[in-house]
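Working notes for the structure below.
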Amino acid sequence: LRITTGIARIPKYGSEVSGDSFTFMNGENGKHTMALSDGMGTGYSAAAQSRAVINMLESFFESGFDKEMAVSLVNSALMLKSNEDLSCTIDISIIDLFNGEVEFVKIGAAPTYIKRADTVEIIRAATLPAGILPGIDAELARRRVEAGDMIIMVTDGIIDSFSGDLPGEKSLLKFIQKMDCLNPQKIADSILEEADRYCGNKPCDDMTVLVAKVWKKV
């Protein structure tokens, strides 16, 4: 399999920078990793927190640490700076390009969506963000994807913006179900534009969307 990605983001209204950070990583073992972190608050402080988390994850994965150890080390690093009141969500999707298995690691993160030809599945977690408790209990989930599927990761600013008559995650689910576009960048842009519209173009929080489209390698 191969992956094509799309990214769309916007900071909170009145803020110059987004407190969300992300990365895409290709491993030597045929695994493609997407990681997203939402720093506490907004602005430069939140941006510095989430960027530090993403930088640490990149370093640990590149050094060969497994996902559980990498997340534990990030949490420990944040706890050492507990006097600065640091906390960040950690949201990781690891896609095995040989067999299509995806491992989801979620720590205080917003739901992730898997869009297939006729269904959309939600991957949820109910954990606290990293940096709050000494020990961390990451929620892990495994799913299998096939060519044509999309993995959609968002920060809670997106979910909160979609809240209305329905809870935000269900409202976003319905929006994703109606989309028939095959371009991951257009999917990301459309979700962000709809979230921004719900806010009256004045986002109450940083908003980020990552989309990975799975293709059959020819």
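All residue numbers refer to positions in the sequence shown, counting from 1.
Thr5 contributes no side-chain N or O that, together with a main-chain N or O of Val211, makes up a donor-acceptor pair within less than 3.5 Å. Looking at Ser21, its side chain does come within 3.5 Å of a backbone N or O of Arg51 through a donor-acceptor pair. No donor-acceptor distance shorter than 3.5 angstrom exists from the side chain of Arg116 to the backbone of Glu146, with no hydrogens or angles considered. For the pair Asp160 (side chain) and Gly157 (backbone), a donor-acceptor distance under 3.5 Å is absent. The main-chain N or O of Glu101 is never found under 3.5 Å from a side-chain atom of Asp96 such that the two would form a donor-acceptor pair. Listed for the Lys106 side chain is a donor-acceptor partner under 3.5 Å among the backbone atoms of Ala110. Ser59 places a side-chain N or O within donor-acceptor distance of the main-chain N or O of Asn55, the cut-off being under 3.5 Å. In this structure, the side chain of Ser161 does not engage the main chain of Cys199 through any donor-acceptor pair within 3.5 Å.
By the 4.5 Å heavy-atom criterion applied to side chains, Thr208 and Ile7 are counted as neighbours. Proximity of Met207 to Leu192: side-chain heavy atoms (C-beta onward) are separated by under 4.5 Å at one or more points. Contact of the Asn75 side chain with the Val71 side chain is not registered, since no non-hydrogen atoms from C-beta on lie closer than 4.5 Å. Residues Phe104 and Arg143 are in side-chain contact: their nearest non-hydrogen atoms beyond the backbone lie under 4.5 Å apart.
Contact between Ser15 and Gly43 at its shortest, heavy atoms only, is OG-CA, 3.6 Å. Across every non-hydrogen atom of Thr33 and Phe61, the tightest pair is CG2-CE1, 4.4 Å. Here the shortest heavy-atom pairing between Tyr113 and Glu169 reads OH-O, 2.8 Å. Taking every heavy atom of both residues into account, Ser50 and Gly39 meet most closely at CB-N, 3.7 Å. Heavy-atom minimum distance, Pro11 versus Asp206: CA-OD1, 3.4 Å. Heavy-atom minimum distance, Val17 versus Ala47: CG2-CB, 4.2 Å.
The side chain to side chain contact (heavy atoms under 4.5 Å, CB included) with Asp20 is formed by just one residue from the set Ile158, Thr155, Ile54, Ile10; it is Thr155.
Relative ring orientation between Phe162 and Tyr198 is described as tilted, the plane-to-plane angle lying within the 30° to 60° band.
Atom CD1 of Ile176 and atom SG of Cys181 lie 12.5 Å apart (nearest 0.5 Å). Atom NZ of Lys31 is separated from atom CG of Leu97 by 10.0 Å, given to the nearest 0.5 angstrom. Atom CG of Leu57 and atom NZ of Lys67 lie 13.0 Å apart (nearest 0.5 Å). Atom CD1 of Ile191 and atom CG of Asp196 lie 13.5 Å apart (nearest 0.5 Å). Here the straight-line distance linking atom NZ of Lys213 with atom CD1 of Ile152 works out to 10.5 Å at 0.5 Å rounding. Here CG of Leu210 is found 5.5 Å from CE of Met153. Values are rounded to the nearest 0.5 Å.
Shown here is Phe98, whose CZ atom has no more than 12 heavy atoms of other residues, nucleotides or ligands within 6.0 Å.
Under 4.0 Å is where a charged nitrogen must lie from a carboxylate oxygen, and between Lys12 and Asp205 no such pair does.
Checked by atom type, the side-chain pair Ser45/Gln49 shows a donor-acceptor distance below 3.5 Å.
The cluster map of Ile, Leu, Val, Met, Phe, Trp and Tyr, joined by side-chain heavy atoms under 4.5 Å apart, puts Phe22 and Val102 in the same cluster. Residues Val120 and Ile151 do not share a hydrophobic cluster, clusters being chains of Ile/Leu/Val/Met/Phe/Trp/Tyr side chains in contact below 4.5 Å. Both Ile122 and Phe175 are part of a single hydrophobic cluster, where members link through side-chain heavy atoms under 4.5 Å apart. Cluster annotation: Ile159 is not connected to Met34 through the hydrophobic network of ILVMFWY side chains, with a link wherever side-chain heavy atoms come within less than 4.5 Å. Met150 and Ile3 fall into different hydrophobic clusters, defined by Ile, Leu, Val, Met, Phe, Trp and Tyr side-chain heavy atoms under 4.5 Å apart, directly or through other members.
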Next item on the list: Any chance you could lay out the side chain to side chain contact (heavy atoms under 4.5 Å, CB included) test for Glu103 and Ile92, step after step, and finish with the verdict?
Entry: CA-CA 8 Å; Glu103 296 176 294; Ile92 305 171; over 6 Å; no
